[in-house]
Amino acid sequence: MSSIKNITMTNSRQPQVPDVIELSKFVGTLLDARWFIICLTLLFAIFGAAYALLATPVYKADALLQIESKNSGGIGSLVGDMGEIFSQESSATTEIEIIKSRMILGDTVDKFNLTTVVTPDYIPFVGKGLARLSGEVNQIVVSRFVMPDFAMGVKHRLVVVDSKKQTYQLLSEDDKVVLVGEAGTLAKNNGYELFITAIHAENGQQFNIAKRSRLDAIEWLKGSLSISERGKQTGILQLSFMGEDPSQITDILNHISQTYFLQNVERQSAEAEKSLVFLKERLPDIKNSLTTAEDVLNQYRQVNESVDLGLEAQSTLKVMVELEAQLNELTFKESDINQRFTKDHPAYKSLLDKRVTLLNEKERLNKQIQKLPKTQREVLRMTRDVEVNQQIYIQLLNKVQELSIIKAGTVGNVRILDEAQAYTNAVKPKKPLILVLAVLLGGMVAVALVLVNKAFHKGVENPDQIEELGIPVYASIPLSSWQNQLENKLKRIKNRSNITIKDTLLAESNPADLSIEALRGLRTSMHFAMLEAKNNIVMITGPSPSIGKSFVTANLGGVIAKAGQKVLIVDADMRKGYLQRHFGLQYENGLSDLLVGNATAEQVIKPTGVDKLDMITRGIVPPNPSELLMHPRFSELLTWASEHYDLVLIDTPPVLAVTDPSIVGSLAGTTLMVGRFEVSTAKEIDIARHRFEMAGIEVKGFILNAVEKKASSTYGYGYYNYSYQSDKNDKS
């Protein structure tokens with residue numbers, strides 16, 4: 001019960017522990033990979049700085065426009081209602097869309113020949129930037145470029161032949177010369193027309209020249225143009241344009257502003273011009289009607305001996321003339337208001353109501369006139385026609401004068417406050433920002449790579465991870481920097497005959513190394529593990545290659561031999577074994593030669609240079625290593641070696657790669673497995689142990705090799721009373 005309680009209490013405390021451990025491992029992982037993170041961040045910073053220096057500067061030009069109310073004084077206010085009729089208010093959003101329309105931008109495209117695209121031919125990515133930094137100027141000014149229909153959409157190359165004489169050649173896509181010309185003159189040939197104003201480039205400099213559609217050029221112009229309203233409902237528009245050439249973008253933006261301004265003036269005076277033409281066409285007809293009415297009245301008076309109207313008739317006539325004048329005015333206003341509003345609009349309804357009132361009054365006066373004598377009634381009617389036509393004629397003359405004044409005085413409701421001007425400093429690229437972003441990106445990418453690598457490669461970092469699998473850990477061998485120095489030294493030695501055992505074996509070169517001290521502890525552990533073993537043969541194997549089996553076998557043999565025992569090391573990896581390198585021996589005349597019957601045990605045993613330590617190398621690589629190990633000669637060799645030596649160490653290939661270790665393990669009394677720190681995973685160690693169990697072989701213990709002291713690992717070897725310099729590049 002107490003055990004159950006202890007387990008329950010332990011489990012209840014477990015949820016808090018992983019959080020601390022995971023955080024410490026996370027920070028430790030980053031600390032362990034600090035040099036990788038620093039180097040990768042520095043590399044990103046270098047690329048960011050290079051981009052900032054080589055990227056083509058982009059400049060910005062801006063202009064300021066004001067969209068103002070038409071009724072702001074001046075001539076428009078002097079003409080009263082006529083000024084109101086022809087002034088049209090529009091929002092800033094509407095004006096922005098007008099500026100971006102093809103009607104405005106198309107003129108700019110035609111003015112600057114933006115359908116022709118000319119770019120110098122540079123080395124990709126860096127050529128343009130290097131040319132700019134070196135002060136090299138490569139520019140041609142093309143005023144006209146026409147291609148035949150069969151060549152449309154095809155890029156051409158222009159080559160400067162002589163910069164002094166300003167001559168050039170135009171080449172097609174297949175490098176055929178289609179045109180030869182000189183700057184300042186129009187060159188023509190086979191449907192091609194090219195007029196170059198000036199050439200600023202060295203001899204042999206090439207340019208890519210192409211033709212795009214007018215619509216594509218307008219879209220490009222629209223993409224580089226930015227328009228926004230300053231504030232809310234201020235009517236102040238800011239136009240911005242970005243490009244590589246400050247003078248060009250200034251000229252383009254000025255032209256856009258001027259085109260929009262002139263268009264606005266023309267738009268404001270267009271309706272006045274239209275109404276003026278209409279009135280001038282009506283004037284002759286009204287004048288003829290007036291003349292005819294006057295003639296009829298005069299003729300009637302002569303026939304009837306100048307009949308005069310009474311006071312009542314004169315009063316009625318005056319009222320009727322005023323009514324007709326008002327009706328004519330309403331008719332004129334209705335023709336204008338009809339262009340802007342529907343009949344449901346309040347202004348339109350008010351006008352119609354006023355017309356109905358005037359017509360009712362006119363009908364009442366007509367009934368009153370019917371009571372007059374016939375002669376006076378006829379004179380009244382004729383006089384009314386004369387005066388009404390006269391009023392209409394005078395009114396039309398006044399309208400013509402008003403419209404003429406409006407047309408002459410129209411200035412539009414757009415004002416250019418600031419003409420286009422380019423900023424001195426480039427707006428792109430923002431070099432400090434690019435450098436900061438490059439550093440941040442480099443750091444994030446480096447941290448991400450470290451964490452992803454850590455997540456996907458979960459090698460053992462702690463002996464507890466191995467013991468959880470049920471395999472006792474006999475030794476944890478620290479990573480030896482001295483071993484790495486030995487390997488580098490051997491690579492530099494050309495004369496192999498002068499190599500001694502101290503140049504190859506760590507146990508002889510530096511017996512005080514922490515790795516050797518750990519192997520001495522392994523020697524003690526093996527002594528107790530072999531008490532119940534069936535023989536004195538120890539197999540040293542591992543789950544995968546490149547984990548340090550040969551290093552452990554060679555130096556363990558050296559340590560045990562130093563203790564006075566007679567040791568034989570056998571390299572049973574007849575495929576890729578290189579155990580002989582640790583002793584400066586040759587692999588020929590080894591185990592494979594003995595197993596095929598070409599040599600005896602005494603012939604293949606070689607002294608290592610260490611007292612009481614001999615070795616059998618792998619020999620020449622045979623075609624069937626597994627079958628040879630199953631031959632009786634191998635068991636006979638081990639039986640003979642067990643009788644003549646105090647300890648036999650056998651180095652085998654990886655158990656997960658081949659079946660050789662299972663064959664050797666059946667003959668060995670003790671089996672030890674080697675794994676490498678942060679390389680061997682718990683999964684492959686467990687699979688390797690399971691494979692041995694299926695062959696009836698018990699793994700007595702585990703050796704964790706190349707242990708490094710890392711911040712991400714909770715396991716270290718601080719219990720050693722020695723300090724040493726770790727080296728991650730040790731391949732032992």
Side-chain angles (χ1 to χ4, degrees), residues 483 486-487 490-491 496 499 501 504-507 537-558 561 567-596 598-599 601 603-610 613-631 633-635 637-638 641 645 647-668 671-676 679-680 688 692 703 705-706 730-732:
Q483 176 66 24
L486 288 179
E487 293 180 357
L490 286 174
K491 292 177 182 179
R496 297 285 175 173
I499 295 177
I501 190 65
T504 57
L505 191 65
L506 180 62
I537 301 173
V538 177
M539 179 182 72
I540 298 179
T541 184
S544 58
S546 302
I547 56 176
K549 299 188 309 299
S550 299
F551 167 80
V552 172
T553 304
N555 286 279
L556 179 62
V567 181
L568 175 65
I569 296 177
V570 180
D571 189 355
D573 187 356
M574 291 181 286
R575 291 176 174 85
K576 296 181 179 181
Y578 58 90
L579 190 59
Q580 71 281 349
R581 296 180 187 175
H582 292 277
F583 303 99
L585 302 174
Q586 301 296 323
Y587 66 85
E588 293 85 0
N589 192 26
L591 179 62
S592 62
D593 300 287
L594 182 146
L595 296 180
V596 297
N598 293 334
Q603 292 174 339
V604 297
I605 293 176
K606 302 175 184 178
T608 61
V610 179
L613 179 62
D614 295 330
M615 179 184 179
I616 298 178
T617 59
R618 64 177 171 85
I620 298 174
V621 179
N624 52 349
S626 299
E627 288 74 10
L628 289 179
L629 291 175
M630 297 175 66
H631 197 277
R633 292 192 187 96
F634 183 64
S635 60
L637 170 66
L638 295 184
Y645 289 89
L647 182 66
V648 179
L649 297 176
I650 305 177
D651 183 23
T652 66
V655 65
L656 297 182
V658 293
T659 60
D660 297 11
S662 299
I663 301 172
V664 177
S666 63
L667 302 175
T671 298
L672 299 179
M673 190 184 300
V674 179
R676 192 177 182 91
V679 174
S680 302
F692 279 124
I703 303 168
N705 186 34
D730 188 6
K731 301 300 182 183
S732 61

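Note that the coordinates shown come from a computational prediction; the quantities given were computed from them, not determined experimentally. Residue numbers count from 1 along this sequence.
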Scan side-chain atoms only and decide if Asp571 and Tyr587 contain a donor-acceptor pair under the 3.5 Å cut-off.
no
Could you tell me whether the side chain of Asn555 and the main chain of Ala507 form a donor-acceptor pair under 3.5 Å?
yes
How many angstroms lie between atom NZ of Lys549 and atom CG of Asn705, to the nearest 0.5 angstrom?
10.5 Å
Can you name the closest pair of heavy atoms from Ala688 and Val655 and give their distance?
CB-CG1, 3.5 Å
Contact summary for Gly590 and Val604, nearest pair of heavy atoms
O-CG1, 3.4 Å
Answer whether the closest heavy-atom distance between the side chains of Phe583 and Thr617 falls below 4.5 Å.
no
Please find the pair of heavy atoms, one from Gly557 and one from Ile569, that lie closest to each other, and give the distance.
CA-CD1, 4.1 Å
Is the closest side-chain donor-acceptor distance between Asp651 and Ser550 under 3.5 Å?
yes
Spacing of Ile547 atom CD1 and Thr541 atom OG1 [to the nearest 0.5 Å]
7.5 Å
If you take all heavy atoms of Ala706 and Arg676, which pair is closest and at what distance?
CB-CZ, 3.6 Å
Approximate separation, where rounding is to 0.5 Å, of Leu579 CG and Leu649 CG
9.5 Å
Tyr645/Val567 under side-chain contact (heavy atoms from CB on, under 4.5 Å): CA gap, chis, key distance, verdict:
CA-CA 6 Å; Tyr645 289 89; Val567 181; 5.7 Å; no
Rounded to the nearest 0.5 Å, how far does NE2 of His582 lie from CD1 of Ile501?
10.5 Å
If you define the side chain from C-beta out and look only at heavy atoms, does anything of Leu595 sit under 4.5 Å from Leu629?
yes
Could you check if a side-chain atom of Leu556 sits within less than 4.5 angstrom of a side-chain atom of Ile540, using non-hydrogen atoms only?
yes
Apply side-chain contact (heavy atoms from CB on, under 4.5 Å) to residues Ile537 and Leu667 and explain how you reach the verdict.
CA-CA 8 Å; Ile537 301 173; Leu667 302 175; 5.7 Å; no
Do Met673 and Pro543 make a side-chain contact, defined as non-hydrogen atoms from C-beta onward lying under 4.5 Å apart?
yes
Got a donor-acceptor contact below 3.5 angstrom from the Thr608 side chain to the Leu613 backbone?
yes
Is the backbone of Ile620 close enough, under 3.5 Å, to the side chain of Ser592 for a donor and an acceptor to pair up by distance?
yes
Does the pair Leu637 and Leu591 meet the rule for a side-chain contact (heavy atoms from CB on, under 4.5 Å), with working shown?
CA-CA 10 Å; Leu637 170 66; Leu591 179 62; 3.6 Å; yes
Is it true that a side-chain atom of Asp593 and a backbone atom of Glu588 form a donor plus acceptor pair closer than 3.5 Å?
no
Under the criterion side-chain contact (heavy atoms from CB on, under 4.5 Å), I'd like the reasoning laid out for Ile650 against Leu638: C-alpha separation, chi angles, the key distance, then a yes or no.
CA-CA 10 Å; Ile650 305 177; Leu638 295 184; 3.6 Å; yes
Closest heavy-atom contact between Thr652 and Ala572?
CG2-CB, 4.3 Å
If I take atom CZ from residue Phe551 and atom CD from residue Glu487, how far apart are they, to the nearest 0.5 angstrom?
9.0 Å
Thinking salt bridges, do Arg575 and Asp660 make one under a 4.0 Å N-O criterion?
yes
If I compare all heavy atoms of Leu568 with all of Ala641, which pair ends up nearest, and what's the gap?
CD2-CB, 3.6 Å
Rounded at 0.5 Å granularity, tell me how far CD in Gln586 sits from NZ in Lys606.
7.5 Å
